[in-house]
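Contents: one structure, followed by commentary.
For ligands, and for the atoms within them, numbers begin at 1 and follow the listed sequence.
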Amino acid sequence: MSELDLKKYLVRENDNINLKNIDANEYNTFNGTKEKAIKKLNDINIKLEKLHQIYYSGKKHKILIIFQGMDASGKDGAIRNIFQSVNPTGVYVAHFGSPSKLELSHDFLWRVHNKVPADGELVIFNRSHYEDILIVRVQNLKPQSVWQKRFKHIIDFERLLYDEGTHIFKFFLHISKDEQRQRLQNRIDNPDKHWKIEANDFKDRELWDEYIEAYNDVLNKTSFDWAPWYIIPSNKKWYRDLIISNILVDEFTKLKMEYPKPINSYLGKVIV
Ligand code: AMP
Ligand code: MG
């Protein structure tokens, strides 16, 4: 157990979340400086690495971790920092961008189902099927009669994964509109970051309030104890990383994983 109050970030079924009332700048749960937090993050990452090794060796569970958030909310950075110590074997990051023509010619879950974890695999989604009820809704890419039904399809899909042995954790990286302005400006001002700029980022920024509304709906309708959402205050990157790593270590610990039993006939043998 960690000293941080992690439960406050969990979305419960009847919470009636409104992101407008949630502070993206908050870091109260951690009693210390940024430097101390970064040191703590290193320690917790090593714990995560150990748990992952046991998980990988056992091949008994499947783990799916979903990251969602506005443009520049830090999905890439969080994934990089949180999993930096984990053995890359058995870990896969799937990024979901604008669907290809082929993907669009199928149902929206086709491209997603193909990427979910097998036993012993840890799969991280950088964006996900939730885009199909976020950008699709906000930018009016499909009529409401189509995207509205997708809430149920997503819940049923995740329930299928859960019933077949997948542990699902979903993180919404919550930044303020002003923090996004600074981060997008930083991309414009910094040549090393120009590759990150997309026309859609500015179009989506104009639709900020519509996105907040769409996210409110997602968080209120699709968080269950078997596939929970966590809202992570993410204006402070170090706090974001610290909270998510701690949640994952707590949750992986609860799985009570063990190394597979060794082959008895080899135990006690002395190699000559
Ligand atoms: P990024 O993650 O910054 O590379 O951006 C990927 C872009 O693809 C974002 O603007 C997403 O909203 C967009 N995207 C992801 N999934 C979908 C989808 N199913 N339909 C339309 N656009 C999508
Ligand atoms: Mg982007």
key: Co-members of the apolar cluster containing Tyr266 [side chain, <4.5 Å]   = Ile263
message = Tell me whether the rings of Tyr239 and Tyr9 are parallel (<30°), tilted (30 to 60°) or perpendicular (>60°).
response = perpendicular
request  = Fit a plane to each ring of Phe252 and Phe169, take the angle between them on a 0 to 90° scale, and name the class: parallel (under 30°), tilted (30 to 60°) or perpendicular (over 60°).
outcome  = tilted
query = Which of these, Arg240, Lys237, Arg183, sits in a side-chain contact (heavy atoms from CB on, under 4.5 Å) with Ile175?
reply = Arg183
key: Non-neighbouring partners of Tyr215 that pass ring-ring contact (aromatic ring centres under 6.0 Å, His included), sequence neighbours left out   = Phe172
Under 3.5 Å, which donor-acceptor pairs link side chains of residues 115-126 to any protein atom two or more places apart or in another chain?
| unit_1 | atom_1 | unit_2 | atom_2 | d |
| --- | --- | --- | --- | --- |
| Asp119 | OD1 | Lys62 | NZ | 2.7 |
| Glu121 | OE1 | Ala118 | N | 3.0 |
| Asn126 | ND2 | Asp76 | OD2 | 3.3 |

Contacts table for ligand 1: protein N or O within a distance under 3.5 Å of ligand N or O, distances only.
| unit_1 | atom_1 | unit_2 | atom_2 | d |
| --- | --- | --- | --- | --- |
| ligand 1 | 2 (O) | His95 | NE2 | 2.7 |
| ligand 1 | 2 (O) | Arg127 | NE | 2.6 |
| ligand 1 | 4 (O) | His95 | NE2 | 3.1 |
| ligand 1 | 8 (O) | Ser98 | N | 3.2 |
| ligand 1 | 12 (O) | Glu131 | OE1 | 2.9 |
| ligand 1 | 16 (N) | Gly97 | O | 3.2 |
| ligand 1 | 16 (N) | Arg111 | NH2 | 3.2 |
| ligand 1 | 19 (N) | Arg111 | NH2 | 3.3 |
| ligand 1 | 19 (N) | Asp132 | OD1 | 3.0 |

